Amino acid sequence: MPKIAQVIVDVPAMQTDRPFDYLIPASWEAIIAPGMRVEVPFGSRQIQGFVINIVEKTAFQDQLKAIIGVMDLAPVLSTELLLLSNDMVKQTFAFKISCLQAMLPSMMRAKYEKHLTVIDELTEAEQFELFKGKDSMTWKEAESRNLLPLLAKLKKEDKIEISYEVVNKARVKKIKMVKPLLTFEQMEEEKEACQKRAPKQALVLSFLQSLLIEEKDSSSVALQKEANVTSAVLKQMAKKNWLAFYEKEAYRNPYQDRVFKKTQAMPLTSQQQQVITPILAAVNTSKNETFLLKGVTGSGKTEVYLQTISKVVALGQQAIMLVPEIALTPQMVERFKGRFGEAVAVLHSGLSEGEKYDEWRKIERGEAKIVVGARSAVFAPFQNLGVIIVDEEHESTYKQEDNPRYHARDIAIWRGQYHDCPVILGSATPSLESRARAQKKVYTLLELTERVNQQQLPEVEIIDMKDELKAGNRSSFAMSLQNKIRGRIAKGEQTVLLLNRRGYSSFIMCRDCGFVLGCPNCDISLTLHMDTKTMKCHYCGHEEGIPRECPSCHGHHIRYYGTGTQKVEEELLSVIPEARVIRMDVDTTRKKGAHEKLLAAFEQGEADILLGTQMIAKGLDFPNITLVGVLNADTALGLPDFRAGEKTFQLLTQVSGRPGRGTIKGEVVVQTFNPEHYAIQLAKEHDYDRFYAHEMMLRHRGKYPPYYYTVLITTSHQNEIEAAKKIQKVIEEIKPQLSEQTIILGPTPKSIAKVNNRYYYQCILKYKNEPNLFDILHQIIQSSQGEIAKGLYLSVDPEPLSFM
DNA sequence: AGCACGCCGACT
DNA sequence: GTCGGCGTGCTC
């Protein structure tokens with residue numbers, strides 16, 4: 001009896017979101033296993049798919065097709081990850097194929113190529129003009145050369161054939177190695193013999209001799225460099241059988257030329273000791289337990305992580321360390337590489353696709369025991385996990401913004417349960433959700449309240465910008481902040497200035513008629529970009545020139561509103577001309593590596609002031625920074641977002657941890673128009689507990705998370721009425737199936753109601769206990785299938801980051 | 001998602 | 001008559 005493989009095909013659509021059965025050819029029966037990628041015929045195409053199961057019988061009535069290719073020699077997805085994908089589908093409403101692909105480096109996603117091949121004699125003219133004398137070409141080429149109509153005719157005459165090819169992008173990098181074939185003595189002889197006629201070869205021979213002594217081979221490139229010879233010399237020597245070339249698999253190593261200083265475990269403070277004890281107990285007994293490690297900035301959370309991982313590795317297990325993308329700085333990597341060396345794999349968005357693939361392979365082959373990485377590293381293919389750490393667990397970047405909308409924290413906890421290992425959620429400002437779970441003893445709360453070295457937390461001064469305005473200061477810098485900056489420059493100390501850009505953009509407005517330039521496709525004003533001298537839409541990418549006159553009243557009094565980093569920099573230099581400023585924002589850090597370069601320059605003392613957006617709030621541990629200024633603490637507070645207070649508190653606490661890590665006590669200046677706001681006041685007091693209590697009270701009153709679970713349902717259509725009608729229909733369908741306590745907010749148009757010429761409507765469900773809700777939502781999505789063709793879209797986002 | 005199949009209007 | 005427009009339904 002031939003075996004049958006159940007395959008999830010690479011077609012992200014509702015109708016194909018189920019397994020398809022295929023025959024396994026006898027020759028592959030021993031090879032094909034669940035978790036492997038295969039190539040299968042699907043309709044008239046050939047596509048990639050994942051084997052999720054192998055069975056004896058099929059329920060399919062017609063003749064099964066057979067698998068036509070295997071793309072892996074061993075499964076790329078373990079039983080565990082296949083199992084996890086089932087739960088992911090239920091939780092995120094995404095297609096199974098999307099979930100499976102999210103678990104692998106993007107390089108393993110198939111690329112498809114369509115080919116046109118000649119199968120019958122063409123006229124000479126056709127052969128030459130269309131195919132340039134060859135007998136096949138890619139569809140892409142035909143398309144770009146506008147040949148499709150002509151070729152369609154040939155297809156009809158059966159003179160050419162259309163074929164499909166699945167291209168596996170995943171390629172291992174190979175390097176050419178050199179192996180000496182002579183003994184030391186033979187080389188010595190040959191060296192003498194060719195000293196005169198072939199001095200280069202003699203030189204290479206001496207290098208080969210030293211390789212022989214060290215008992216290792218060299219890469220061809222390295223040898224050429226060392227001996228300062230060309231490949232021709234080596235080729236010549238290979239001909240004489242003095243050496244041989246062979247290929248070796250190599251990793252693209254982004255940290256190749258870096259030397260990491262070895263670091264040792266530091267002695268723990270008594271608090272750290274107290275905190276690590278229960279964690280190590282869980283590690284030792286392979287007990288699944290989720291710890292919420294709440295530690296003020298500088299309290300040495302990282303050392304606790306490092307020593308926990310150290311223990312895990314000693315037990316022969318592996319560890320995942322998740323950090324938010326922006327916190328994945330070279331400093332962070334250095335600390336892990338310094339402690340664990342080659343056993344660390346690093347995964348972040350700065351790596352090329354190939355580099356990511358190689359890091360993944362290192363993990364898969366068991367060469368790496370520890371992975372440090374951003375969100376998707378939670379899927380690292382470890383077989384025997386000993387601990388999963390989610391640092392800065394409150395960070396919103398742990399939730400993927402598009403399908404599959406998974407939350408890395410949830411995945412970490414799932415995997416922790418599967419592997420019977422502890423999960424550590426670490427933060428100075430835990431999310432309310434996690435902190436509340438610790439309250440209910442779902443998580444074990446561990447606290448670090450003291451900074452190592454007994455450093456004082458910096459003094460935080462709050463400046464009411466309304467007073468500054470009254471005093472006639474219309475600049476972005478309060479007088480006292482200016483003075484403090486001057487003082488630091490005089491003392492040779494450094495300042496960090498943070499411009500909070502959340503909920504803010506620079507737009508232009510006509511002062512005569514009040515006209516604001518908006519996007520023609522979206523319901524939003526265009527943002528001014530000084531670097532390109534254009535107005536851009538951040539939603540659809542529309543771009544146009546900066547108008548000289550008002551398009552509405554043709555007046556010439558156009559004013560720029562909002563404060564971009566460029567503008568602030570100009571202003572700063574006009575107030576303090578002697579300041580040397582490094583500006584960090586999306587514009588100056590777009591190039592690869594620019595981020596690190598700017599930070600390194602600042603660390604070297606090449607500037608007095610680092611001016612930037614949120615991206616500088618994290619991981620800046622330079623001892624010479626003694627002053628941090630937050631230029632606009634409250635931009636988020638104006639937004640209709642129930643997490644605005646939490647986000648503001650987190651940001652201010654974050655930056656308050658920055659200054660004064662050296663011997664000097666640091667200072668923080670917070671400029672705001674809302675000095676009374678509890679988030680700002682309590683951040684000043686460094687009082688998380690009171691903030692938590694107050695915010696929980698507000699959440700309770702407003703029936704928000706963590707008291708309620710939430711789901712955001714969105715509909716969209718080119719026609720506003722269709723989108724509105726659909727959301728209304730959805731609500732009518734759901735409402736009778738829900739309990740009385742469940743609250744339905746809306747329907748309302750989204751706060752940006754029109755994006756890319758589509759209108760968006762939404763509603764929010766707030767509920768405490770709805771065991772059937774997810775099934776109902778899956779049904780709604782299912783029954784909305786027919787309308788997709790009409791351009792009517794429906795999306796479901798469980799636990800959205802914001803309601804906007 | 002693609003692609004074939006099928007049914008209507010506009011043309012050599 | 002037939003070419004090609006797009007709506008419909010299927011892919012093991």
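Naming: A, B, ... by sequence-line order, numbering from 1 per chain. Since the structure is predicted, the reported quantities are computational estimates derived from the model, not experimental observations.
Atom C1' of nucleotide dC12(C) and atom CG of Leu64(A) are separated by 6 Å, given to the nearest angstrom. What separates CH2 of Trp139(A) from P of dG2(B) is a distance of 12 Å, to the nearest Å. Atom CD in Glu39(A) sits about 16 Å away from atom C1' in dC12(C), given to the nearest Å. In this entry the distance linking OH of Tyr112(A) with P of dA1(B) reads 14 Å, nearest Å. Between the NZ atom of Lys57(A) and the C1' atom of dC12(C) there is a distance of 18 Å, given to the nearest Å. What separates CD of Gln46(A) from C1' of dC3(B) is a distance of 14 Å, to the nearest Å. Counting to the nearest Å, the C1' atom of dT11(C) and the CG atom of Asp10(A) are 14 Å from each other.
Ranking dA4(B), dA1(B), dC12(C) by closeness to the Gln15(A) side chain, first place goes to dA1(B). Relative to the side chain of Ala13(A), the nucleotides dC3(B), dC12(C), dA1(B) differ in distance, and dA1(B) lies closest. Closest approach to the Ser44(A) side chain among dC12(C), dC3(B), dA1(B) is made by dC3(B) (side chain taken as heavy atoms from C-beta onward). Side-chain atoms of Lys114(A) lie closest to dC3(B) of the nucleotides dA1(B), dC3(B), dC12(C).
We find that Asp17(A) and Lys96(A) are not joined by a salt bridge, their nearest charged nitrogen and carboxylate oxygen being 4.0 Å or further apart.
Remark: Tyr709(A) pairs with Tyr767(A), Glu799(A) by the side chain to side chain contact (heavy atoms under 4.5 Å, CB included) rule, at least two apart or across chains.
Atom NZ in Lys399(A) sits 10.5 Å away from atom CZ in Arg409(A) (nearest 0.5 Å). Between atom CD1 of residue Ile4(A) and atom CG of residue Leu64(A) there is a gap of 5.5 Å, rounded to the nearest 0.5 Å.
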